[in-house]
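One structure is given below, encoded as structure tokens.
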Amino acid sequence: MIIHSRTFQAVILLILGLLLTVIVALMQGSVPLSLTELWQAFRHQGDPIRQTILYDLRLPRILIALIVGAALGMSGALLQGLLRNGLADPFVLGISAGAGLMAIALLTLGIFLAWVPVAAWVGAMVTSMLVYLLGRTANGIVIERLVLGGIAISSLFGAVQTTLLLLSNDGQIQSALNWLIGSLNGRGWAEVTTAGPYVAVALLLGSLLGRSVNVLNLGDELAIGLGVSPTRSRLLMGAVASLLAASAVSIAGLIGFVGLVVPHGVRLLVGNDYRWVLPLSAIAGAWVLTFADLLSRLGVVELPVGAVTALLGSPLFIWLLYGGRTSSLKGV
């Protein structure tokens, strides 16, 4: 695979930006750390309190931001390539609706609260499989049926969520809304060790699907002629994208716009070769969510990171839509 100078520059830019953002995020917070203090704490030297802040609070939270951001970024890129639609995001197949319904059900009923992340993951994966069944015909997967099935399931589950919230008391509504908005507050090493390995494997698999996405975007007949099975490839891409998005949602709740906007930005940098778009979308997604989480912690009151991504993503997406960059909205 030939690396063009434009692609090489984009890789360097994203990696350097991510590293700089991580360092600044480790330094900033209610107790700011200088670069020297950060280095001492990293080496288990100096004030024990600073070491606790670094290793027990900031480092796991930033790792969670990296994991969730990378998962959402690659999931969005996979779905946009799979559906040939630049408006697709990780929730287009009803992933958010299934995860949200399971989480809201447990939170509003006040039962099995420790199992909310697991329940959200199960709900997301089951909903994805249901949508795939709705999109499947005798001739294989039909993209239009997938999208319409996802919209129908999302509407149905959204109505059930609203009903559960209306029947709940104020305390339960607050906790449910915090999850629906999306937040990294309170996430720690348990989430890193639980979800990290699965997301890492899914990211590796997704990075290997770039050629298949490129071939499918040429048309099913040509894909078959090149030895690629459209149905098998779409099932694998959908499964990986769903696993990534479901894992992200189960950890941090519903964080929007990362999976929608990040792939567009990456395609503006490196073009439409998904062999580069997929891995770079993971890096860019990790960068965006880490930066958004940093911004959410800078104020007097911590904001949910999902609100920050919406505030950042909405104007950016409008600019992409109306700022003369409409070509980036194409899925290929």
Side-chain angles (χ1 to χ4, degrees), residues 67-85 87-103 116-136 140-158 182 194-210 212-213 216 229-260 262-263 274 277-279 281-282 285 289 331:
I67 291 171
V68 173
L72 291 175
M74 181 175 286
S75 180
L78 271 172
L79 287 176
Q80 288 175 13
L82 169 65
L83 302 179
R84 303 178 191 175
N85 189 338
L87 298 178
D89 71 353
F91 305 148
V92 72
L93 299 182
I95 296 173
S96 63
L101 178 59
M102 293 297 292
V116 168
V118 177
W121 187 86
V122 172
M125 294 303 294
V126 170
T127 305
S128 298
M129 289 187 285
L130 176 60
V131 173
Y132 287 136
L133 290 177
L134 292 176
R136 188 176 180 83
I141 300 294
V142 178
I143 301 300
E144 292 77 9
R145 289 172 63 97
L146 272 179
V147 175
L148 293 176
I151 293 173
I153 294 296
S154 296
S155 299
L156 174 62
F157 286 0
T194 300
Y198 299 100
V199 173
V201 172
L203 289 173
L204 178 60
L205 291 175
S207 298
L208 299 176
L209 293 174
S212 297
V213 178
L216 286 181
S229 171
T231 300
R232 190 182 303 115
S233 297
R234 289 193 177 104
L235 286 174
L236 181 57
M237 294 174 196
V240 173
S242 298
L243 176 59
L244 287 169
S247 299
V249 169
S250 68
I251 299 172
L254 306 184
I255 298 177
F257 281 98
V258 176
L260 178 62
V262 164
Y274 274 84
V277 170
L278 291 175
S281 291
L289 195 59

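From Leu83, atom CG reaches atom CG of Asp89 across 10.0 Å, with rounding to the nearest 0.5 Å. Going from atom OH of Tyr274 over to atom CG of Leu209 covers 12.5 Å, rounded to the nearest 0.5 Å. In this structure, OG in Ser128 is found 10.5 Å from CG in Leu146, a value given to the nearest 0.5 Å. Here the OG-CE distance, from Ser75 to Met237, works out to 13.0 Å after rounding to the nearest 0.5 Å. The distance from the CZ atom of Arg145 to the CG atom of Leu133 is 10.5 Å, given to the nearest 0.5 Å. The CG atom of Leu243 sits 6.5 Å away from the CH2 atom of Trp121 when rounded to the nearest 0.5 Å.
Closest approach of Val68 and Ala248 over heavy atoms only: CG1-CB, 3.8 Å. The shortest non-hydrogen separation linking Ile251 to Ala195 is CD1-CB, 3.2 Å. Across every non-hydrogen atom of Leu278 and Ala77, the tightest pair is CD2-CB, 3.7 Å. Closest approach of Gly73 and Val258 over heavy atoms only: N-CG1, 4.3 Å. The two residues Gly69 and Leu289 come nearest to each other via the heavy atoms N-CD2, 3.4 Å. Closest heavy-atom contact between Arg84 and Leu216: NH2-O, 2.7 Å.
A heavy-atom distance below 4.5 Å is not found between the side chains of Val116 and Met102. Looking at heavy atoms from C-beta onward, Leu236 lies in side-chain contact with Val240 at the 4.5 angstrom threshold. The side-chain heavy atoms of Met74 and Val199, taken from C-beta on, include no pair separated by under 4.5 Å. Within the 4.5 Å cutoff, the side chain of Thr127 has no heavy atoms near those of the Ile95 side chain.
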Intermediate values then yes/no, side-chain contact (heavy atoms from CB on, under 4.5 Å), Leu130 and Val126: CA-CA 6 Å; Leu130 176 60; Val126 170; 5.6 Å; no

Leu82 vs Val213, side-chain contact (heavy atoms from CB on, under 4.5 Å): CA-CA, chis, key distance, verdict: CA-CA 7 Å; Leu82 169 65; Val213 178; over 6 Å; no

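Partners of Ser250 under the side-chain hydrogen bond (donor to acceptor under 3.5 Å, both in side chains) rule, at least two apart in sequence or in another chain, do not exist in this structure.
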